[in-house]
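Residues: numbered from 1 along the sequence shown. Keep in mind it's a predicted model, so treat the numbers as computed, not measured. Because only heavy atoms are used, hydrogens play no part in the values below, and waters and symmetry mates are left out as well, while side chains stay in.
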Amino acid sequence: IRGRGLLDDAPNARDYRGRLDVSGTLTLEAKQIYPATLANFAFGAHGDDAEVLVRPVAGTADTVLSAGGRLAIEAPHIESTGVLRAPLGAIDLEAEEIDLLAGSVLSTSAQGQLIPFGTTQGGLSWAYQQSNNITRIFGPDGEPLPEQRVILNAKDVNLASGGTIDVSGGGDLLSYESVTGPAGTTD
């Protein structure tokens with residue numbers, strides 16, 4: 001499951017936001033769940049006995065080639081035996097009780113992958129063109145790259161044997177730059 005999000009209608013919108021809310025129980029069954037590049041996607045379950053259940057399905061998951069996104073889950077109870085990923089981004093779980101059982105994976109690692117991420121400017125900054133023709137600049141002269149983190153905000157957190165939280169780096173962003181030289185344009 002990939003959380004994409006949309007830009008809001010403001011002329012200078014900068015954030016892709018998406019959300020799926022239910023009353024009662026929300027069961028997410030997938031090889032993995034992750035946000036698209038720079039997307040902020042949330043799943044929520046509301047009500048007295050509401051919960052979000054994250055479950056795996058059979059098969060091998062594809063490589064996640066998105067970066068800097070945020071995946072959030074909000075419910076009174078969150079239980080996971082599945083895989084939540086946000087390479088070089090953030091995973092935020094907020095509940096009264098969080099159960100990360102055997103097989104559960106929360107990972108912000110890029111797992112050794114080179115993830116495509118826009119273009120470079122002068123070799124120092126990344127430029128990321130959004131669908132509304134706004135170019136976001138990341139680096140020394142722009143905004144900071146998204147923070148890599150996992151937040152578990154709950155009264156009770158149970159990380160069972162066989163559950164994994166991985167905040168290692170293990171990869172990089174890949175971009176390109178076209179530079180005009182004396183013999184013409186070189187990529």
Side-chain angles (χ1 to χ4, degrees), residues 1-7 13-20 28 30-44 52 54 56 61-75 78 80-95 98-101 103-131 134-154 157-160 162-177:
I1 298 172
R2 178 177 65 165
R4 287 186 49 190
L6 299 170
L7 289 167
R14 303 178 69 73
D15 294 320
Y16 291 93
R17 295 187 179 277
R19 184 165 193 97
L20 175 64
L28 302 170
K31 294 175 187 169
Q32 60 191 352
I33 301 165
Y34 62 95
T37 294
L38 298 177
N40 183 346
F41 201 91
F43 294 97
V52 174
V54 179
D62 291 332
T63 300
V64 177
L65 293 177
S66 65
R70 176 181 174 264
L71 182 64
I73 299 179
E74 304 153 0
I78 299 170
S80 178
T81 55
V83 178
L84 303 175
R85 296 194 188 283
L88 306 175
I91 298 173
D92 296 336
L93 305 184
E94 185 170 342
I98 298 172
D99 293 312
L100 303 174
L101 305 177
S104 177
V105 175
L106 276 62
S107 176
T108 60
S109 172
Q111 298 184 307
Q113 299 300 313
L114 290 175
I115 300 173
F117 191 82
T119 61
T120 55
Q121 293 184 332
L124 299 174
S125 299
W126 278 285
Y128 190 83
Q129 180 77 36
Q130 296 187 157
S131 60
I134 299 286
T135 300
R136 292 179 67 178
I137 306 297
F138 296 92
D141 295 326
E143 58 188 290
L145 285 167
E147 182 180 20
Q148 184 181 353
R149 68 171 192 259
V150 171
I151 294 177
L152 305 176
N153 185 5
V157 176
N158 173 27
L159 177 59
T164 302
I165 299 174
D166 180 3
V167 292
S168 64
D172 210 343
L173 299 176
L174 175 68
S175 62
Y176 70 93
E177 183 169 355

Looking at every heavy atom in both [X] and [Y], which two are closest together, and how far apart are they?
X: A110; Y: P87; result: CA-CB, 4.2 Å
X: Q121; Y: I137; result: OE1-CD1, 3.4 Å
X: R2; Y: P35; result: CG-C, 4.4 Å
X: V150; Y: T108; result: CG2-CG2, 3.8 Å
X: T120; Y: S175; result: CG2-OG, 2.6 Å
X: P140; Y: S125; result: CD-OG, 3.7 Å

**Study point:** Sequence-distant partners of N153, side chain to side chain donor-acceptor pair (under 3.5 Å), two or more places apart
**Key:**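 None.
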Taking the side chain as everything from C-beta on, heavy atoms only, tell me whether [X] gets closer than 4.5 Å to [Y].
X: T81; Y: P56; value: yes
X: L88; Y: L173; value: yes
X: I78; Y: D99; value: no
X: I115; Y: D172; value: no
X: R149; Y: D92; value: yes
X: P146; Y: F138; value: yes
X: Y128; Y: T37; value: yes
X: F117; Y: L145; value: yes

Check your understanding: What residues, two or more places apart in sequence or in another chain, satisfy side chain to side chain contact (heavy atoms under 4.5 Å, CB included) together with V83?
Key -> Q32, R85, V105
Check your understanding: For the rings on Y16 and F41, is their centre-to-centre separation under 6.0 Å?
Key -> no
Practice item. Evaluate the salt bridge (charged side-chain N to carboxylate O under 4.0 Å, His left out) criterion for residues E74 and R19: first the C-alpha distance (whole Å), next the side-chain angles of each, then the deciding distance (0.1 Å), finally the verdict. Key: CA-CA 11 Å; E74 304 153 0; R19 184 165 193 97; 2.5 Å; yes
With rounding to the nearest 0.5 Å, note down the distance linking [atom1] in [X] to [atom2] in [Y].
X: L106; Y: I91; atom1: CG; atom2: CD1; answer: 4.5 Å
X: I33; Y: I73; atom1: CD1; atom2: CD1; answer: 6.0 Å
X: R14; Y: R136; atom1: CZ; atom2: CZ; answer: 5.5 Å
X: L152; Y: L93; atom1: CG; atom2: CG; answer: 5.5 Å

Exercise for review: Check the pair D141, L124 against side chain to side chain contact (heavy atoms under 4.5 Å, CB included), reporting the backbone distance first and the verdict last.
Suggested key: CA-CA 9 Å; D141 295 326; L124 299 174; 5.9 Å; no
With distance as the sole criterion, is a donor-acceptor pair present between the side chains of [X] and [Y] under 3.5 Å?
X: S104; Y: S80; result: yes
X: T119; Y: E177; result: no
X: S168; Y: D166; result: yes

Check your understanding: Does Q148 use its side chain to pair, donor to acceptor, with the backbone of V167 at less than 3.5 Å?
Key -> yes
Practice item. Apply side chain to side chain contact (heavy atoms under 4.5 Å, CB included) to the pair I1 and F43, showing each step before the final yes or no. Key: CA-CA 11 Å; I1 298 172; F43 294 97; 4.1 Å; yes
